[in-house]
Amino acid sequence: MGVSAADSLLAVMSFNAAYARVIDDDDLERWPDFFTADAQYRITHVENVRDGLAAGMVYADSRDMLIDRISALREANVYERQRYRHVIGMPSVDLLEPGVLRSHAPFLIIRIMHTGEMTVFASGAYHDEFVQDEGSDLKLRKREVVCDSTSTDTLMAIPL
Amino acid sequence: MGVSAADSLLAVMSFNAAYARVIDDDDLERWPDFFTADAQYRITHVENVRDGLAAGMVYADSRDMLIDRISALREANVYERQRYRHVIGMPSVDLLEPGVLRSHAPFLIIRIMHTGEMTVFASGAYHDEFVQDEGSDLKLRKREVVCDSTSTDTLMAIPL
Amino acid sequence: MGVSAADSLLAVMSFNAAYARVIDDDDLERWPDFFTADAQYRITHVENVRDGLAAGMVYADSRDMLIDRISALREANVYERQRYRHVIGMPSVDLLEPGVLRSHAPFLIIRIMHTGEMTVFASGAYHDEFVQDEGSDLKLRKREVVCDSTSTDTLMAIPL
């Protein structure tokens, strides 16, 4: 593996670790910072992807929409009744074009209810495009969250 | 950690990410490509390993047998009724002999039924030996899939 | 990512892989070796942490206490009735002070009962402080195991 490929892999791994932590620590106001201003964010499932359906269960095409979403979540106050734990697997990373990385990473999300009960809430894969900002940090310009199950309950609209 | 050790670790991590993706994306015809022509592949469980039993639940000693297995799966058409999601943990890697890496990596596999129900299908560890081919890519010359549970249903013989 | 940051990340990843393996392989007598002689080890849950309660469910402030704990486990002979499988996610690592790394890593632990039944036993995050010993290997001087669920059964006192 070349130095550059190793560096990209480690950078994406660190990004995903930080991303998961912000959600699981309920530090949601920092979540939109992982995206570019014009980022696309979509939650969908494998059957939609296979059938070429553009419509996802949740869709945003700017960071402002993500900020609004967090505000709505806080007002609805539904999030606090449960917790989540993301475990994100090793990414596959390649160079899509100069300055843009394409990444695929599997994930597993556990939901912990207020009663203490734990269940597998969602599994799937992130299909991502990353760009490097001025400080050479990565930002997502596109994250497609492809859930394995068609019955994952995303009504709550928590970030995945 | 030396440069060489870091490089081996990253190479195995990338390999495992690609391996899991091929299975979970139902791109099974590419699965045998991760093995050498004379590779050994075995699915077994901890009690067999502890008792020194060579017999596994599933066994192959060449890539051709793996190819046959995928053909049989496709004909039986059982695979499509369910999906799997592998999450493979960090490997421990060391040099077994020049050009051969030995690796141990934990795994967790979620099964997603057609109904959307998700369950923990299997957990365990991969006990691996990797060789480098001409292009310096890794290939498995041996993968022993040691399941934690003796009751993991491998009748379906999906690749783990 | 600088060389030093990449190196720290890989070193912590390798440490966590080895740590999990020792527990899951029931090689528990080697578990205390991952800690410094005066290490703090605590198992707690998010509500305790949020409320600033110092008291954890399990607490030790030296390696000798960890050694004692393993002896007690072996005498009680409760551990063998079940197995565990740790999957530890990507760590976030930074330099706390010269020679000391601070790390945060999510984890998921599956319990496999003697009957073969598998359940999600615990999820959470390790909050760690690592120091480098003479051989430049990492040792934990502090590991706080913060479980997501308040109902995780730690009576058995298996190492997490």
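First the proteins, then the strands, lettered A, B, ... as listed; each starts at 1. Quick note: numbers below take in every heavy atom, side chains included, and nothing from hydrogens, waters or symmetry partners.
At least one side-chain heavy atom of A:Leu10 sits under 4.5 Å from a side-chain heavy atom of C:Leu10. At a threshold of 4.5 Å between non-hydrogen side-chain atoms, the residues C:Met90 and A:Ser14 do not count as touching.
For C:Ala125, the parts lying near chain A are the backbone and the side chain together; criterion is any non-hydrogen pair under 4.5 Å. Within the 4.5 angstrom heavy-atom criterion, no atom of C:Val93 approaches chain A. Using a 4.5 Å cut-off between heavy atoms, A:Thr119 makes no contact with chain C at all.
A side chain to side chain contact (heavy atoms under 4.5 Å, CB included) with C:Ser123 is found for one member of A:Leu108, A:Ile112, A:Ile109, A:Val87 and no other, namely A:Ile112.
Across all non-hydrogen atoms, the minimal contact from C:Asp148 to A:Arg83 is OD1-NH2, 3.6 Å. Looking at every heavy atom in both residues, A:Gly116 comes nearest to C:Ser149 through O-OG, 2.8 Å. Nearest heavy atom pair, residue A:His86 against residue C:Pro106, reads O-CB, 3.9 Å. Between A:Arg21 and C:Ser92, the shortest heavy-atom distance links the atoms NH1-CB, 4.0 Å.
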